[in-house]
Each structure stands twice: as structure tokens, then as C-alpha cells.
2 protein chains.
Amino acid sequence: MSLRIASRPKLEKGGRFDVVIVGGGPAGLSAAVYASRFLLKTVVLTVDVGGQLNLTNWVDDYPGFSRISASELVARFRDHAQSFGVTIVPGVEVKSVMRENGLFRVLGTGGVDVYSGSVIIAVGAMRRKLGVPGEEEFQGRGVSYCSICDAPLFKGRNAVVVVGGGDSALEGAALLSSYVGRVYLVHRRGEFRAKPVLVKEVLARDNVELLLNSVVTEILGEDSVKAVKVLNKVTGETRILEVDGIFIEIGFEPAREFFKSIGLEVDEYGYVKVDEWMRTNIPGVFAAGDAINMWRGFRQIVTAAATGAVAAYSAYQYLIEKGLYRPAGFK
Amino acid sequence: MSLRIASRPKLEKGGRFDVVIVGGGPAGLSAAVYASRFLLKTVVLTVDVGGQLNLTNWVDDYPGFSRISASELVARFRDHAQSFGVTIVPGVEVKSVMRENGLFRVLGTGGVDVYSGSVIIAVGAMRRKLGVPGEEEFQGRGVSYCSICDAPLFKGRNAVVVVGGGDSALEGAALLSSYVGRVYLVHRRGEFRAKPVLVKEVLARDNVELLLNSVVTEILGEDSVKAVKVLNKVTGETRILEVDGIFIEIGFEPAREFFKSIGLEVDEYGYVKVDEWMRTNIPGVFAAGDAINMWRGFRQIVTAAATGAVAAYSAYQYLIEKGLYRPAGFK
């Protein structure tokens, strides 16, 4: 479902930018909109355009759009950035960011080798997956990785499965139990690591059934999810739950190795430490979106977009301070 | 230009809500979208729907909309919130928020008297105005209060005036000098209080003319701004500058008295102190948007919307923790 740009732009080797944005999800594209409005020469280097939006189908929580397909929202973010002259280069994995002669040199796959006055890291985080048959096939068609984002889309449905035992899973189960008839909460352990108050909230719901010491082994469906196979690891029993969806809330994996290779400070969970202005420990390098340690546990399109905008503003300020601001329109 | 809701909803006296949102700009409406998605019984009490968006005409910086009229964007935010069942009551000025029996009692004009488990303060801040003839008449038609937001809309125009001597004014002048042919920077004093690096940046532009010790006395135009009258307070001379727009960057006035009456802690500038989760010093009271001390100096629609979303999430968490969560759909 990820969007491709018709002709991939060629990047001149050794070319100079004001901002290189690493990552093309909502945070990176919003940063691109803002950076280009500050007349910064801006390039987005990204594996795919859309980021985690490519994991979903419908969006009804980005303020201003009551309901829009994820791919259309991605296209609108992309077009918005491009309308201000941003270059977006998909299919690129950035391999290194290093200081060189007062600038940053950014190397990536496909021979990407550019210089920039500043860098914005907006690579997101990987949603952990179950790795079971059917998971990829039904992604966005009953398989969701964000209960808070998608619960209202399941309003009035018969039943769903939630997988996990942390805050997000319990919060998801509580919320979903108000939207759907029945919630099965599947957790591989015998107890939850979520906050006690969330566990209590879920236990108080008479339409939530707990399946502890259990794992999902397969997701079944036709056009969309119809059932989930669950194995009880203690009894060895397998149940087939007829459900309309499955919410996989087993956490995120930040890009620890990449952050480490750049020299970015991270928090205990592996997210890039930023201050209010999205400044990292490296002057000239900013971060935004799901890669950062802010608003952990509440990762939304609008929060990613806001932090991207702030990062671009801070990059602009940084370039002015360092005498590196060279606006294209300057006469 | 402010939007009216066809029939003003009647609020039952003593009625009970989960969240009362005070303010109906982007922050308040985004909070409403999110609160209602958490199935919280939500009401927005506001003087007008749209807040500072009503001061402008076109928006091209909210990611996802390359260009949209401010009134349409407000309508889309409003409709989005209402699609989830939020009650919006315009024409109400909230007068007090006080603790009563473990809830908050919220009193407002027009006999508003309701109870709520939590409150979100999203009243924005007042843009300071010059108070000169023509200012109100040409608002959104050449008169702007946000250079960063509106500079690209003036791309290729002949000339504009920027008024002010602080960071926002100097930053605005620098940015506008790249978008338009000529910038007149009008400041009532003989020197700037902006950061030296910003002053240096502006002085380096050969298309910026400084008019110090000077004040705008009138804004002239037909359909839109055509000229600005400037009085030099030292020489007594009046000049008429032919321009396409005027950017009034003389600061904001937060709602100090209102915050004080509620007991909210504010920072040195008068903005409500919040933590990362939009929690104020009063448990159960959250704040968002231009009213808060975060991202001061960079007040955007998308940043307001994000903080509104976070405030709603935090209110939801608070209600669960306090045993006050009573989701409508709960069976």
C-alpha cells in the first residue's frame, strides 16, 4: 500500500541542502512543509512515503478529516510538501550522518551522499509484529496496531481480539469494550505488566474475556479478518475466536542502532532524547515523531506532525544562528 | 467571519460531563475530537468557534491542506468533533471553574452551570492589536498577525510592512524579505529587543528598510491593504508606504486574570504551566494550545491541535485513575 513517487528524483552527489529530513511519515513530511516555507533547501530521504500510515487503511483521528483513507492522507501530506518545492527521495535507507567541515554529510543506500546544514531525524519506530500467518495479509483489513487510533472504526462490531499485556493493550481493551460487543484479551503471560488501574478497569468490564498464557498462532479471514486462532501454552488447547478484528499492542522497537551510530542520546526505552524544541544532544540535529521520547504511549498523526513542524522551526533558527541560512529567494 | 452554529444547544443546568473544554479554537476542537473518541461526554464552551483562525483568511500551513480558507478549516474541525457527538456551545464566556464534591463546577455567561470530571483550558491568547483605523476592516485581507503562518501567501508581492521589535517581528521581517520585494520594519523604539542574531540577519538584507521611533497611524485600502501611514515620533514626519500587506507582530496577551481566578500556575509571561502531558498544577485540569507555556514563539494550528489531543488523552487517563470514567457505550 505504500505510495511511490512516479519518477524517483536524482540527487547530485555531494549536493548541498539546508535540511536533510530522514523519514517520510507524518513527522518528516510535516517538517518538510515547514522547512520549505522557511525557504530552506529541503530533501526527504526515506524508505517509504507514509511511514506507519502504510500499516493502516482508514484514518478518522487527524483533526480536520472526519474520515480519510490512509493512503489519501499520505498523498496530501506529500503533495503539500512538494507544493513548496521539497525533494522527496523514497527507497533510501540512510546509513550515516556525520560532521564534516561544519556541515553534516549524509550517506544512504543507492549512492546517496549529500551535505546539509542541519538534519531532522523522523524515522519513526517499528511496531512489533506477531509474525503469524495472516498478519501481513489482513493489515489494515482487520489487523490494527493502534487501538486508540482505530477503535471507533469498529463501532458496533461483534468481537475483537487485543494482544498484549502492557498499558497500550489494557487501555485498548478497555476502550474497545465500549465500542464492540466482546473483547478477547490474549496475553502470553499469566499476569499483566500494565498499570494496576488499567487492569482494574478492564476486569470491571463484563464483556472482556481474558485468555492468559496464550498466544495467537494464526489470523484467518476472507476480505477481512474473520477469526483468530489462539493456543493456550499451559493446556495445549487451541481455540478459534470468531472476531472482526485484532489489535496487536505488543510495543514498539525504536531504531536504537541507527541512533547510536549517529551519536544520539536515547532514553531508557531507546527513543531519542529531545527538549521542548526537538533539539537532540547534537547541535544541528533535531528529531520528531515516534522516534522521540516525548508523548511515548500516545503516538498520533497530529502529534507527529506537530513535532515535525517544531523541528523544522528549530532547524531554521539553528541555521540563522550559525550563519548557515541561505534562503533561495534572498536577493 | 466567525462561524455560528445554527441552533445553539441548550445546556441542562447542573448537567454532568466528563470533560468541559473551555475554548473552541484548533486546540479545543482537537481536544473535543479526541475526548469524544474516548467516549467521554464532552462539551465545548467557547466565545467563538475557530479562535484565532477567525483572524485570518487563508491557511497553507496545516499539514494535509495545501491551501484552505480559514473558515472552511474551522468548519472541518467543528464537524469532525460533532461527528463523534460533541456538544459545542458558542457565545459562552466561562467565568469560573471550581472544585465541588470531587467534580468541577463550571459557570459561564448565559446561565451556563455544569459539572465535569475534568476540564481542558484552551482559551488561546489575544494577539495584541495596533488599534488603528483600517486594522479590523482589512483583517485577513492584508492585515496579518502571524508572519510565519502567512509569509508564503505574499510570495512575489511588491512590499509589506512588519510592525514590532521583538523576536517575532525580526524573524518575520527576515522571512518576508525573501518572499516579497521590499519590507518596511516599523518599530516604535530606537532599538530592538529581539535576539541580536535576528537583528543581524535582518540588517544583512538589502531589501529591508527600518523605520525606527515610528508608529503606524492608519491602514488604507480598497478590497485589501494598499498602503500604511507611518508617523516618525521624533521628526513628526508622516510617510505613506504603498504595500500589499502589514504584519502586526507586537505580541500576545494571555488570559492572566482568568487563569489566576481558577488557581492555575503561570510562567513569567502569563501562560499556563503544563508538563509534557498538558497537566497543570490542578489535578483534573489540563491546558492546551496558545494558553500554555510550551512552544511559546511558535504558535501554529498543528501544534495547538496536537496539544489538544494530548490534553484529551490525559483527561481520559485521569478519569480512569479517579474512577470517574463512565463511557457511554459501557454495557
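Below, chain A is the first sequence line, B the second, and so on; all start at residue 1. Excluded from the calculations below are hydrogen atoms, water molecules and symmetry mates; all remaining heavy atoms, backbone and side chain alike, are included. Values in this document were obtained by computation on a predicted structure and should not be read as measured data.
- For B:F154 and B:F247, the gap between ring centers is short of 6.0 Å.
- Heavy atoms closer than 4.5 Å to chain B are found in both the backbone and the side chain of A:I148.
- In this structure, B:F298 has its ring center closer than 6.0 angstrom to the ring center of A:Y34.
- In this structure, the portion of A:S83 lying under 4.5 Å from any heavy atom of chain B is its side chain and not its backbone.
- Heavy atoms of A:E171 lying under 4.5 Å from chain B belong to its backbone as well as its side chain.
- Of the two parts of A:S314, neither the backbone nor the side chain holds a non-hydrogen atom closer than 4.5 Å to a non-hydrogen atom of chain B.
- Within the 4.5 angstrom heavy-atom criterion, no atom of A:D167 approaches chain B.
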Which side-chain N or O atoms in residues 60-68 of chain B pair as donor and acceptor under 3.5 Å with protein atoms at least two apart or in another chain?
| residue | atom | partner | partner atom | Å |
| --- | --- | --- | --- | --- |
| B:D60 | OD1 | A:R37 | NH1 | 2.4 |
| B:D60 | OD2 | A:R37 | NH1 | 3.3 |
| B:Y62 | OH | A:P63 | O | 2.7 |

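- Distance check: A:I21 CD1 to A:T46 OG1 gives 10.5 Å after rounding to the nearest 0.5 Å.
- A:K155 does not touch chain B: none of its heavy atoms, backbone or side chain, sits under 4.5 Å away.
- In this structure, chain A has no heavy atom under 4.5 Å from any part of B:D275.
- The distance from the CD atom of A:E321 to the CD atom of A:Q317 is 6.5 Å, given to the nearest 0.5 Å.
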